[in-house]
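Everything below concerns the one structure shown next.
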Amino acid sequence: LQYSCCSLHAVFYNCQLKIQKSTLNREKDVFESFIKFLKQKRKSKLLKAINGKVIEDDYVPWMKERGNRSGTIALNLRHLKIFCNWLYEREIIPKKINFKIPKVEKNFKYFTEDEMSLIHESISCRNAEETQYYKSVFQMYEEVGCRPAEPLKGDIKGDWLIISPEENK
């Protein structure tokens with residue numbers, strides 16, 4: 001195959017019409033990194049230079065050498081796997097490129113009830129009305145668990161916050 005990863009990624013990128021801009025920017029970063037790796041380590045940007053062994057044995061250590069953490073590496077590999085599957089589904093490559101995505105241990109820190117009370121007590125604004133507003137907003141985030149920008153993208157209908165699928169992650 002004489003396709004370059006750059007040209008194919010441009011086609012792939014333009015096919016992603018219903019993806020949030022932040023996701024597209026992340027994909028762009030992933031592929032710029034991958035192309036840089038291919039140029040430096042493999043001396044080629046051609047698709048035929050890619051296989052699962054190259055990704056696992058060469059690309060992952062290359063990312064680690066550059067200070068990428070395990071979460072970043074796993075995220076990059078997920079984006080790369082989506083791209084490889086897209087190539088296979090369109091018969092651009094003859095066989096699927098399989099590689100392992102390392103599991104990332106997530107260490108969540110949850111607030112205790114006392115810590116939540118302290119947070120609520122620390123909300124103080126110019127006047128009582130504004131303070132109550134921000135306390136209510138914080139309580140809504142606490143109880144609903146939505147992302148910070150989601151309420152700004154939705155509409156309130158009765159007791160419901162409705163966020164369209166296009167605006168929701």
Side-chain angles (χ1 to χ4, degrees), residues 4-90 92-93 95-116 118-119 122 137-154 161 163-169:
S4 80
C5 283
C6 295
S7 62
L8 287 171
H9 181 254
V11 172
F12 175 73
Y13 186 85
N14 289 323
C15 289
Q16 309 301 307
L17 299 175
K18 293 188 177 187
I19 292 179
Q20 288 192 352
K21 188 175 185 204
S22 60
T23 303
L24 288 173
N25 289 338
R26 181 75 193 136
E27 275 187 5
K28 184 178 177 220
D29 292 343
V30 167
F31 284 97
E32 285 175 358
S33 167
F34 191 63
I35 298 302
K36 187 176 183 179
F37 158 76
L38 289 174
K39 285 180 187 176
Q40 288 179 4
K41 293 290 188 178
R42 306 299 294 177
K43 308 293 185 226
S44 171
K45 295 185 296 181
L46 295 179
L47 197 55
K48 67 180 180 182
I50 304 170
N51 60 51
K53 186 169 175 36
V54 166
I55 292 168
E56 289 177 3
D57 295 348
D58 297 337
Y59 184 50
V60 170
W62 183 84
M63 285 191 289
K64 286 180 182 176
E65 289 169 11
R66 274 148 191 74
N68 290 294
R69 292 194 208 147
S70 60
T72 301
I73 292 169
L75 181 62
N76 284 7
L77 292 176
R78 278 193 298 277
H79 281 276
L80 197 55
K81 186 168 274 231
I82 290 166
F83 176 62
C84 291
N85 288 341
W86 181 84
L87 294 171
Y88 176 72
E89 288 165 5
R90 279 150 189 81
I92 296 169
I93 58 175
K95 63 181 189 173
K96 216 170 190 176
I97 298 174
N98 293 312
F99 52 90
K100 292 179 184 150
I101 298 174
K103 297 280 185 228
V104 178
E105 190 77 25
K106 294 183 180 179
N107 298 319
F108 293 105
K109 166 70 171 100
Y110 296 99
F111 292 112
T112 65
E113 290 290 325
D114 290 340
E115 290 169 328
M116 290 307 294
L118 287 171
I119 291 170
S122 71
V137 167
F138 187 83
Q139 183 176 356
M140 189 257 328
Y141 278 116
E142 177 187 351
E143 291 176 1
V144 174
C146 59
R147 293 179 176 90
E150 286 178 338
L152 306 175
K153 296 177 180 180
L161 172 64
I163 305 168
S164 72
E166 294 81 27
E167 294 293 334
N168 196 0
K169 188 163 187 166

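Since this is a predicted model, take the numbers as computed values, not measurements.
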statement: Asp29 meets the side-chain contact (heavy atoms from CB on, under 4.5 Å) criterion, sequence neighbours left out, with Arg26, Glu32

Those residues that, when tested against Lys95, pass salt bridge (charged side-chain N to carboxylate O under 4.0 Å, His left out) (two or more places apart): none

- request: Flag yes if more than 12 heavy atoms outside Glu105 fall under 6.0 Å of its CD atom; otherwise flag no.
  value: no

query: Just how far is it from atom CG of Leu80 to atom CZ of Phe83, taken to the nearest 0.5 Å?
result: 8.0 Å

- request: Supply the atom-to-atom distance Leu75 CG to Glu27 CD, rounded to the nearest 0.5 angstrom.
  value: 10.0 Å

Exercise answer: donor-acceptor pairs, residues 137-145 side-chain atoms, under 3.5 Å, sequence neighbours excluded:
unit_1: Gln139; atom_1: NE2; unit_2: Glu143; atom_2: OE2; d: 2.8
unit_1: Tyr141; atom_1: OH; unit_2: Pro148; atom_2: O; d: 2.5
unit_1: Glu142; atom_1: OE1; unit_2: His120; atom_2: NE2; d: 2.7

- prompt: What is the distance from atom CG of Leu152 to atom CG of Leu161, rounded to the nearest 0.5 Å?
  reply: 9.5 Å

query: Who passes side-chain contact (heavy atoms from CB on, under 4.5 Å) against Ala149, sequence neighbours left out?
result: Lys153

- request: Kindly indicate, with the supporting measurements, whether the criterion side chain to side chain contact (heavy atoms under 4.5 Å, CB included) is fulfilled by Val54 and Phe37.
  value: CA-CA 11 Å; Val54 166; Phe37 158 76; 4.0 Å; yes

message: If I compare all heavy atoms of Ser70 with all of Val104, which pair ends up nearest, and what's the gap?
response: O-CG2, 3.6 Å

task: Report the residues that fulfil salt bridge (charged side-chain N to carboxylate O under 4.0 Å, His left out) with Glu56, sequence neighbours left out, ordered by chain and then residue number.
output: none

Heavy-atom closest pair, residues Pro102 and Leu77: CD-CD1, 3.6 Å

task: Could you pull out all residues at least two apart from Thr112 that satisfy side-chain contact (heavy atoms from CB on, under 4.5 Å)?
output: Asp114, Glu115

Side-chain touch Tyr59/Asn76, heavy atoms, less than 4.5 angstrom: yes

- request: Under the salt bridge (charged side-chain N to carboxylate O under 4.0 Å, His left out) rule, collect the residues that match up with Lys53, sequence neighbours excluded.
  value: Asp57

query: Considering residues at least two apart in sequence or located in another chain, which fulfil the side-chain contact (heavy atoms from CB on, under 4.5 Å) criterion with Asn68?
result: Met63, Arg66, Thr72, Ile73

query: Quick one: are Val60 and Phe99 in side-chain contact, heavy atoms under 4.5 Å?
result: no

query: How many angstroms lie between atom CD1 of Ile101 and atom NE2 of His79, to the nearest 0.5 angstrom?
result: 10.0 Å

- prompt: Where is the tightest heavy-atom contact between Gly52 and Ile97, given as atom of each residue plus distance?
  reply: N-CG2, 3.6 Å

